[in-house]
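Take a look at the structure below.
All values reported here derive from a predicted model rather than from experimental measurement.
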Amino acid sequence: MDNEMIDRVAKALWDDDQKFKSIFGFSNEILFGVEFRKKVVPWEYLLDKDIVSSISQEWRDKAKIVIKAMREPTEKMMVAAENAFPMLLTFADKEESGSYIAWRAMINAVIDE
């Protein structure tokens with residue numbers, strides 16, 4: 001998979017999870033060897049061809065879930081977009097609004113829908 005945004009989100013989720021595991025966890029040592037006992041496993045290490053690819057794919061799948069949850073913009077997001085770009089069309093029906101259409105198009109591009 002070559003999707004920059006999904007990889008960025010997956011890496012951020014992985015890095016955050018590693019903060020906890022490097023202090024309290026034992027799974028890094030079990031999954032990746034004693035050199036990672038109470039240490040962070042870098043995202044780039046997961047991408048090595050000799051590491052089980054399903055681990056990085058699992059985090060990409062989680063990233064996609066997070067991004068899908070953002071598909072529907074909040075009212076606050078739409079107001080901010082329309083304040084930043086007044087040329088965006090605003091309609092009473094938010095689904096016809098330029099900011100709504102643009103946001104959905106961007107999210108859909110990331111998740112390939």
Side-chain angles (χ1 to χ4, degrees):
M1 176 188 288
D2 183 24
N3 189 313
E4 180 185 355
M5 184 56 69
I6 288 176
D7 279 347
R8 285 168 40 185
V9 174
K11 180 184 183 314
L13 292 170
W14 174 262
D15 289 348
D16 186 64
D17 186 65
Q18 284 297 298
K19 287 182 214 173
F20 175 81
K21 286 185 177 167
S22 67
I23 297 170
F24 303 107
F26 54 85
S27 62
N28 282 355
E29 181 178 359
I30 293 169
L31 289 172
F32 303 105
V34 293
E35 65 266 26
F36 290 107
R37 182 174 191 270
K38 295 201 174 203
K39 290 184 182 172
V40 168
V41 176
W43 175 252
E44 295 72 20
Y45 185 81
L46 288 182
L47 303 181
D48 185 310
K49 63 181 183 279
D50 295 329
I51 303 302
V52 179
S53 62
S54 63
I55 295 173
S56 59
Q57 187 57 49
E58 178 183 335
W59 287 89
R60 285 185 184 101
D61 292 344
K62 289 179 184 191
K64 200 169 179 178
I65 291 167
V66 170
I67 294 167
K68 277 185 178 183
M70 295 171 51
R71 180 186 268 155
E72 196 68 29
T74 65
E75 189 65 32
K76 186 176 178 179
M77 292 166 67
M78 291 181 57
V79 168
E82 290 162 4
N83 286 338
F85 301 100
M87 75 290 281
L88 290 174
L89 298 173
T90 305
F91 294 95
D93 180 3
K94 79 172 187 175
E95 292 182 8
E96 294 178 8
S97 169
S99 59
Y100 180 89
I101 292 167
W103 179 259
R104 296 272 306 200
M106 289 185 284
I107 295 296
N108 288 341
V110 170
I111 58 176
D112 296 323
E113 290 185 4

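- Under the 4.5 Å side-chain heavy-atom criterion for Ile, Leu, Val, Met, Phe, Trp and Tyr, Leu47 and Val41 are members of the same hydrophobic cluster.
- Scored by the ring pair (Phe, Tyr, Trp, His ring centres under 6.0 Å) test, Trp59 finds Trp14 as partners (sequence neighbours excluded).
- Listed by chain and number, the residues in a ring pair (Phe, Tyr, Trp, His ring centres under 6.0 Å) with Phe32 amount to none (sequence neighbours excluded).
- The CG atom of Asp61 sits 7.5 Å away from atom CD of Glu58, with the distance rounded to the nearest 0.5 Å.
- Met77 is connected to Ile67 through a chain of hydrophobic side-chain contacts under 4.5 Å among Ile, Leu, Val, Met, Phe, Trp and Tyr, so both are in one cluster.
- Within the model, atoms CG of Leu13 and CZ of Arg60 stand 12.5 Å from one another, a figure rounded to the nearest 0.5 Å.
- From Phe36, atom CZ reaches atom NZ of Lys21 across 13.5 Å, with rounding to the nearest 0.5 Å.
- Every side-chain contact (heavy atoms from CB on, under 4.5 Å) that Glu44 has, sequence neighbours left out, goes to Lys11, Pro42.
- Note on Trp43 and Met5: same hydrophobic cluster, where clusters join Ile, Leu, Val, Met, Phe, Trp and Tyr whose side-chain heavy atoms are under 4.5 Å apart, directly or indirectly.
- In plain terms, the two heavy atoms of Asn3 and Ala109 that are nearest each other are ND2-O, 4.4 Å.
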Review point. Would Glu72 and Tyr100 satisfy side chain to side chain contact (heavy atoms under 4.5 Å, CB included), going step by step from the backbone distance to the final call?
Key: CA-CA 8 Å; Glu72 196 68 29; Tyr100 180 89; 3.1 Å; yes
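- Residues Arg71 and Trp103 approach most closely at O-CD1, 3.3 Å, considering heavy atoms.
- Scored by the salt bridge (charged side-chain N to carboxylate O under 4.0 Å, His left out) test, Lys19 finds Asp16 as partners (sequence neighbours excluded).
- Hydrophobic clustering (ILVMFWY, side-chain heavy atoms < 4.5 Å, transitive): Val9 and Met106 are in one cluster.
- Evaluation of the side-chain contact (heavy atoms from CB on, under 4.5 Å) rule for Arg37 yields Glu29 as partners, not counting sequence neighbours.
- Considering only residues two or more places apart in sequence or on other chains, Lys39 meets the salt bridge (charged side-chain N to carboxylate O under 4.0 Å, His left out) condition with none of them.
- In this structure, the separation between CD on Glu35 and CG on Asn28 is 10.5 Å, given to the nearest 0.5 Å.
- The CD1 atom of Ile6 sits 8.0 Å away from the CD1 atom of Ile111 when rounded to the nearest 0.5 Å.
- Of all heavy-atom pairs spanning Ala81 and Ser99, the tightest one is CB-CB, 3.6 Å.
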**Study point:** Test log, rule side chain to side chain contact (heavy atoms under 4.5 Å, CB included), inputs Lys62 and Val66
**Key:** CA-CA 6 Å; Lys62 289 179 184 191; Val66 170; 5.7 Å; no
